[in-house]
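Okay, so here's the structure we're looking at.
Because the structure is predicted, anything quoted here is derived from the model rather than measured.
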Amino acid sequence: MHGEEWSRSWGGTPALWFAAILPRIHAWVPAASILEIAPGHGRWTEYLKDLTDHLVIVDLAESCIEHCRRRFADASNIEYHVNDGRSLGMVTDRSVDFVFSFDSLVHAEDDVLGSYLDELSGKLTANGVAF
């Protein structure tokens, strides 16, 4: 399963996406450039890839990035990166219109979240938004 087990109580991943997530982010997507932090096996990547010209996904687990490479091999708009779980040096400054991370950093410590927030301030465009 690609993380879908975490959406089961909603009736599945599509139900969670369309009933709870998309209504919260629809004002900011589509976006020219989206950054997804901690995509896992691509549960949300499946939807985000169709809402942008350029999707950057970053995960600390190489196995997750490799899984996404295989799963989304036909998507030419995705850029894949393994990171240290704290930094976004591979993302061009002021290049991201929308940052997305959902149901993936629930076990991250405060210092990890703080590191990402510090990094995001330099990655977002002037009107960029993070969710």
Side-chain angles (χ1 to χ4, degrees):
M1 301 186 75
H2 303 291
E4 278 81 6
E5 64 272 20
W6 305 113
S7 302
R8 203 171 287 135
S9 65
W10 279 86
T13 297
L16 178 54
W17 176 261
F18 290 107
I21 298 173
L22 189 57
R24 288 175 170 83
I25 67 171
H26 78 275
W28 301 288
V29 293
S33 178
I34 296 177
L35 167 64
E36 182 182 11
I37 299 173
H41 283 186
R43 178 169 54 147
W44 308 123
T45 312
E46 179 69 33
Y47 301 97
L48 294 171
K49 70 179 176 46
D50 297 327
L51 295 173
T52 187
D53 296 328
H54 185 224
L55 175 61
V56 179
I57 64 172
V58 177
D59 202 299
L60 67 87
E62 187 172 348
S63 61
C64 288
I65 292 297
E66 288 308 313
H67 183 91
C68 285
R69 279 186 197 277
R70 289 188 302 276
R71 182 174 178 184
F72 304 112
D74 292 339
S76 62
N77 65 329
I78 303 177
E79 183 181 328
Y80 305 86
H81 295 281
V82 176
N83 74 343
D84 60 6
R86 296 175 167 266
S87 63
L88 299 169
M90 72 292 298
V91 179
T92 304
D93 288 347
R94 307 280 179 238
S95 68
V96 178
D97 297 302
F98 185 72
V99 177
F100 182 91
S101 189
F102 183 81
D103 201 20
S104 55
L105 295 173
V106 295
H107 302 293
E109 299 294 330
D110 286 345
D111 62 324
V112 170
L113 296 176
S115 294
Y116 273 134
L117 289 174
D118 288 343
E119 291 273 327
L120 287 178
S121 67
K123 304 306 176 183
L124 287 167
T125 60
N127 295 317
V129 174
F131 174 86

Considering only heavy atoms from C-beta outward, does the side chain of Leu55 approach that of Ile34 to under 4.5 Å?
yes
Taking every non-hydrogen atom, the tightest pair across Gly40 and Asp59
N-OD2, 3.0 Å
Could you give the distance from NE2 (His54) to OG (Ser76), rounded to the nearest 0.5 Å?
10.5 Å
Enter the distance from Glu36:CD to Phe131:CZ here, rounded to the nearest 0.5 Å.
11.5 Å
Shortest non-hydrogen pair, Met90 vs Glu79, comes out as O-OE2, 4.3 Å
NE2 (His26) and CG (Leu51) are apart, to the nearest 0.5 Å, by 12.5 Å
Measuring from Leu113:CG to Arg86:CZ, what's the distance to the nearest 0.5 Å?
9.5 Å
Shortest non-hydrogen contact from Glu46 to Arg43?
CB-O, 3.8 Å
Do Phe102 and Leu60 sit in the same hydrophobic cluster, where Ile, Leu, Val, Met, Phe, Trp and Tyr count as joined when their side-chain heavy atoms come under 4.5 Å apart?
no
Over all atoms of both residues, closest heavy-atom pair of Val99 and Leu124
CG2-CD2, 3.6 Å
Heavy atoms of Thr45 and Ile78 approach each other most closely as CG2-CD1, 4.2 Å
Just verifying a value: how many Å separate Cys64 SG and His41 NE2, rounded to the nearest 0.5 Å?
4.5 Å
Are more than 12 heavy atoms, taken from residues, nucleotides or ligands other than Asp111, located less than 6.0 Å from that residue's CG atom?
yes
For side chain to side chain contact (heavy atoms under 4.5 Å, CB included), just list the numbers for Leu88 and Leu35, CA-CA rounded to whole Å, side-chain angles, deciding distance to a tenth of an Å, and then say yes or no.
CA-CA 10 Å; Leu88 299 169; Leu35 167 64; 4.1 Å; yes
Phe100 vs Trp44 aromatic rings, parallel, tilted or perpendicular, using cut-offs 30° and 60°?
perpendicular
Does Thr52 reach the side chain of Val29, with side-chain heavy atoms less than 4.5 Å apart?
no
Given side chain to side chain contact (heavy atoms under 4.5 Å, CB included), test Ile21 with Leu16 step by step and report yes or no.
CA-CA 7 Å; Ile21 298 173; Leu16 178 54; 4.1 Å; yes
Near Asn127 CG, under 6.0 Å, is it more than 12 heavy atoms from other residues, nucleotides or ligands?
no
Distance-minimising heavy-atom pair for Asp97 and Ala32
OD2-CB, 3.3 Å
Is there a side-chain contact between Ile37 and Leu120 in this structure, where contact means two heavy atoms from C-beta onward sitting under 4.5 Å apart?
yes
State whether the side chain of Lys123 and the backbone N or O of Val91 hold a donor-acceptor pair below 3.5 Å, judged by distance alone.
yes
Assign the ring pair Phe18 / Tyr47 to parallel, tilted or perpendicular, where the plane angle (0 to 90°) is split at 30° and 60°.
perpendicular
Would you mind reporting whether Ile25 and Phe98 have side-chain heavy atoms less than 4.5 Å apart?
yes
Could you state the interatomic distance from CD (Glu119) to OG (Ser115), rounded to the nearest 0.5 Å?
7.5 Å
